[in-house]
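Structure record follows, encoded as structure tokens.
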Amino acid sequence: MAAETRQKLLRTVKKEVKQIMEEAVTRKFVHEDSSHIVSFCAAVEACVLHGLKRRAAGFLRSNKIAALFMKVGKSFAPAEELCRKAQELEQITESKRNQSLPNQDSLRILSRLPSLSPQVVRNLWIRTALIEKVLDKIVLYLVENSSKFYEKEAILMDPVDGPILASLLVGPCALEYTKMKTADHFWTDPSADELVQRHRIHSGHCRQDSPTKRPALCIQKRHSSNSMEERPSPSARDYVESLHQNNRATLLFGKNNVLVQPRDDMEAIPGYLSLHQTAHIMTLKWTPNQLMNGSVGDLDYEHSVYWDYAMTIRLEEIVYLHCHQQVDTGGTVVLVSQDGIQRPPLRFPRGGHLLQFLSCLENGLLPHGQLDPPLWSQRGKGKVFPKLRNRCSQGSSDSVSDKEEDEATDYVFRILFPNSQSEFVTITHPPRLPPGAPLLSRSFSLHLRGQPPTKGNLVVPKRSFSCPGDPLSPTTGNSLAPELMDQEANIWQPTTRKSSCSSCTQCSFSDGGPPNGCNHERAPLKLLCDQMKYQIISRAFYGWLAYCRHLSTVRTHLSALVNHTIVTPDAPGDALGGLTAEVWQRFLQDCTAYKEQELLRLVYFGGVDPSLRKEVWPFLLGHYQFGMSEADRKEVDEQVRACYEQTMSEWLGCEAIVRQREKEQHAAALAKCSSISASVDNPSTVQRMMHRDSNSSQSCSSDRQSLAHLQSDSDSSTQQELLDMYTINLHRIEKDVQRCDRNYWYFTPANLEKLRNIMCSYVWQHLEIGYVQGMCDLLAPLLVILDDETMAFSCFTELMKRMNQNFPHGGAMDTHFANMRSLIQILDSEIFELMHQNGDYTHFYFCYRWFLLDLKRELVYDDVFAVWETIWAAKDASSGHFVLFIALALVEVYRDIILENNMDFTDIIKFFNEMAEHHNIKQILTLARDLVCKVQTLIENK
């Protein structure tokens, strides 16, 4: 018994740990007041208290966990610190309950303390230990010293279960828990209707581009690489606090009064420059001093215009640092990103802060990156700017002039990541400079891989890729080197400059020197221009070729989802009016008046007139064939009716046996339970019960004879298996029929009986499949429209030929998910990226019910009728997978709401569950048809 209790406790903890870890993976965070945390704390507390000795629990203490932890704290330092914090929380909670604040410190802590539920208060010590990340250590200490605190049967005394319990707690203790969600969750977690209303109010200020207006291959990023500056979120106070050292990011450098000129029409304003490093990225932030002042009112502070000037720059997107040293100031740095955009200059105050910033940046880049050229280490001075030595052509002696050390020299540093594959070609023009070289007064250099600098006005760093015919590929690029090197024997020497960037003044040339260089320098420049022109053309060609190959892959992959013939609503006639009574009567009178394709086109674009659905649906579902005469249709009806009646008689006879067998089993169970008491109190009771059962068995003999053909063809084991299988399905059908759309006006008890008869008849014919939950949902709309058992049975049988594979015994659902993933990735990559980032729910499991029931539970009945007849007609008109495009249209209609609220898997399931039966089906069907046309156009390359 003790072993079973231990295993039960351990299984409970395993279950709660699994739920917490899954929540952490899918939602990227776990809230402190999550229901999983409450359940987890209760399960751990039950294990810790199991088999606890009375003296360890405290004789007079009501809180046994508190008494235990306080005893452990006397010899275990982490438990001692935990006891202090838990006692403070208990005191503050008690003070809050009594509304009496002991001192100002408690007032300050109380203002930040959320309202705790009774369950949280009851497990406060375990919860505090979890949040403080010491719960696993304390439990491990209890396991190692279990003889002091526990009885022999305790789970922590067990040599196997105790260590397992301690190891299970390591994962939850390693997680980060958040307090972001407040008690007023109505605003932080609004309903779907609230989100839709908010979107309608603000939609006038949002972008107006519809998904149907975007190009076929729409590749958009939610965060553009060009937009570095973002408003802080979620709170201005949190943003300012993030500028300091914290447990998530390391502060490498910080300097106040760094000047930045945000706009040309403004004066430079001072701000705080900080360099932060996390596990993977480095971030440079500049915040105006006005935002660092905490005395501004909250409302004005949050909406201050200075937030527009704050900068947040990711260093991985920066390629060059242009450093300009001035004698009378502290120096200026201009950051140039991969796209060539220059950030506003950062002007440092005097005192060597520019060199200190570069030194901190270089240390932060290691070991994955480096500055090129690196800073020099000089004895007694630390890191200094690199010095280029003068090298005479006649001699080999190196020297550094004393005058050069006193002059301010401009530099260009490049950020290199040697292990990165993102090598690229950068073409810069004067006054931009080559990477890793001082600014030059007259000329600029060309860097080829493995070659020394040579003259020219272009800079060509490392290349991103080579291709056949590329003039700078490894096979052809080196052929330029001898000719270019012959032109170069000059000595480079840094000179004093005031500016070298487009943000500063233009370059100053030496007196008497031509602005564009001499004729001796123009020959390699023309050669380089020609070669770069060929290279740009070749890269444009290979980019176009890659796009064409990608487009070919898209066409091949999506070609099976749509018909290749595009059907339009306006040719040969307007189909938006749908299938009207006039058109249908003309067709019935003369079957050659309209072709089947034309009728399906009318249904696809405009639907069926509601008064005609009872007549048209049998044609759409395949009960009738278009072109059948009235006599042929009557013959089909008679055959179906005869089959239905035969099936009814068979399963009704089997049901009678099942009912009688259940009565016998029930009577036997009652007799067994009451046999002892009945024999003692009144022996005649058992005799009367046995006599009644005997009469019941005789009355059932006629029902057994009704299945004589089954008994003659099968042995007893097959009969028993058949009865057992049908009994299981019968119970499932009865349970689902009673709760199928019970609030809809049509389903009176008589019509529910019809629904049951049709479902039992279908299952009797398909016992190998049986009844699966959801089949009643597919049958109910058919019975509402057709209102005839035989016709509904036949149409349902035809419908299930397609829908059967959606149920668990089929494999169509995985295909639907894969196709949905391909469609949304190609047609709307932005929302696909969101799904991939927020827990990666690109498996599209939230669409499961949509595909299973053709969106029956998402819509009201009138909308279900319109959607279903469009799906049936779309098979020949546009796509046999039209339900995929309806599902995609559902996502696209609410795409802006999904993006704005950054929904994860849980959010999107909740949103669509709440939006059920509130969709605008006309808008959704129109968008679905447009999406089909877009894919068809993409495949045909029109």
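Residue numbers count from 1 along this sequence. Values below: every heavy atom of this structure, side chains too, minus hydrogens, waters and symmetry copies.
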Pairs in or reaching into residues 911-922: which pass salt bridge (charged side-chain N to carboxylate O under 4.0 Å, His left out), with residues at least two apart or in two chains?
-> Lys910-Glu914

Residues Arg659 and Glu655 bridged, charged N to O under 4.0 Å | yes

So, Asp828 side chain and Ile824 main chain: donor-acceptor pair closer than 3.5 Å or not?
-> no

Quick note, salt bridge (charged side-chain N to carboxylate O under 4.0 Å, His left out) partners involving residues 605-620, not counting sequence neighbours, are Arg613-Glu869

Side chains of Val883 and Trp850: closer than 4.5 Å at any heavy-atom pair?
-> no

Between Asn913 (side chain) and Ile909 (backbone), is there a donor-acceptor pair under 3.5 Å?
-> yes

Give a yes or no on whether the ring-centroid distance for Tyr841 and His836 is below 6.0 angstrom.
-> no

So, Thr647 side chain and Cys643 main chain: donor-acceptor pair closer than 3.5 Å or not?
-> yes

side-chain hydrogen bond (donor to acceptor under 3.5 Å, both in side chains) pairs, two or more places apart, involving residues 871-889 = Tyr604-Ser878

What residue pairs, at least two apart or across chains, pass salt bridge (charged side-chain N to carboxylate O under 4.0 Å, His left out) with a residue in residues 586-599?
-> Glu582-Arg586, Glu598-Arg601

Can you name the residues that form a salt bridge (charged side-chain N to carboxylate O under 4.0 Å, His left out) with Glu635, not counting sequence neighbours?
-> none

Set of residues satisfying side chain to side chain donor-acceptor pair (under 3.5 Å) with respect to Glu798, sequence neighbours excluded = Lys801

Flag the pair Asp854 and Arg849 as a salt bridge only when some basic side-chain nitrogen lies within less than 4.0 angstrom of an acidic carboxylate oxygen.
-> no

Which pairs of donor and acceptor atoms, one on a side chain in residues 806-817, lie under 3.5 Å apart (sequence neighbours left out)?
from   : atom 1 : to     : atom 2 : distance (Å)
Asn806 : OD1    : His816 : NE2    : 3.1
Asn806 : ND2    : Phe851 : O      : 3.1
His809 : NE2    : Asn804 : O      : 3.1
His809 : NE2    : Asn804 : OD1    : 3.1

Centroid separation Tyr894 to His919 less than 6.0 Å | yes

Kindly assign one of parallel, tilted or perpendicular to the pair Phe793 and Tyr644, based on the angle between their ring planes and the thresholds 30° and 60°.
-> tilted

Distance-only donor-acceptor check, side chains Tyr624 and Asp637, under 3.5 Å | yes

Close side-chain approach of Phe882 to Val867, heavy-atom, < 4.5 Å = no

Indicate yes or no: at least one non-hydrogen side-chain atom of Val860 is less than 4.5 angstrom from one of Asp863.
-> yes

With Thr790 via side chain to side chain donor-acceptor pair (under 3.5 Å) - residues at least two apart | none

Taking salt bridge (charged side-chain N to carboxylate O under 4.0 Å, His left out) as the test, write out the residues that go with Asp574, two or more places apart.
-> none

Give the C-alpha distance, both sets of side-chain angles, the deciding distance and a yes or no for side-chain hydrogen bond (donor to acceptor under 3.5 Å, both in side chains) between Glu940 and Gln936.
-> CA-CA 6 Å; Glu940 293 198 2; Gln936 290 175 325; over 6 Å; no

Heavy-atom distance under 4.5 Å between the side chains of Leu855 and Val864, does that happen here?
-> no

Is any side-chain heavy atom of His766 closer than 4.5 Å to a side-chain heavy atom of Met800?
-> no

Under the salt bridge (charged side-chain N to carboxylate O under 4.0 Å, His left out) test, which residues partner Arg857, sequence neighbours left out?
-> Asp777

Sequence neighbours excluded, which residues qualify as side chain to side chain donor-acceptor pair (under 3.5 Å) partners of Asp741?
-> Lys856, Tyr861

Strictly by modelled atom types, are Gln738 and Glu734 linked by a side-chain donor-acceptor pair under 3.5 Å?
-> no

From CA spacing to verdict: side chain to side chain contact (heavy atoms under 4.5 Å, CB included), Thr870, Ile886 | CA-CA 10 Å; Thr870 306; Ile886 299 179; 5.9 Å; no

Does Tyr848 have any side chain to side chain donor-acceptor pair (under 3.5 Å) partners at least two apart in sequence or in another chain, and if so, which?
-> none

Inspect the contact between Glu630 and Arg633 and indicate whether a charged nitrogen and a carboxylate oxygen are less than 4.0 angstrom apart.
-> no

Is there a side-chain contact between Met759 and Met775, using heavy atoms and a 4.5 Å cut-off?
-> yes

Can we call the ring centroids of Phe619 and Phe626 under 6.0 Å apart?
-> yes

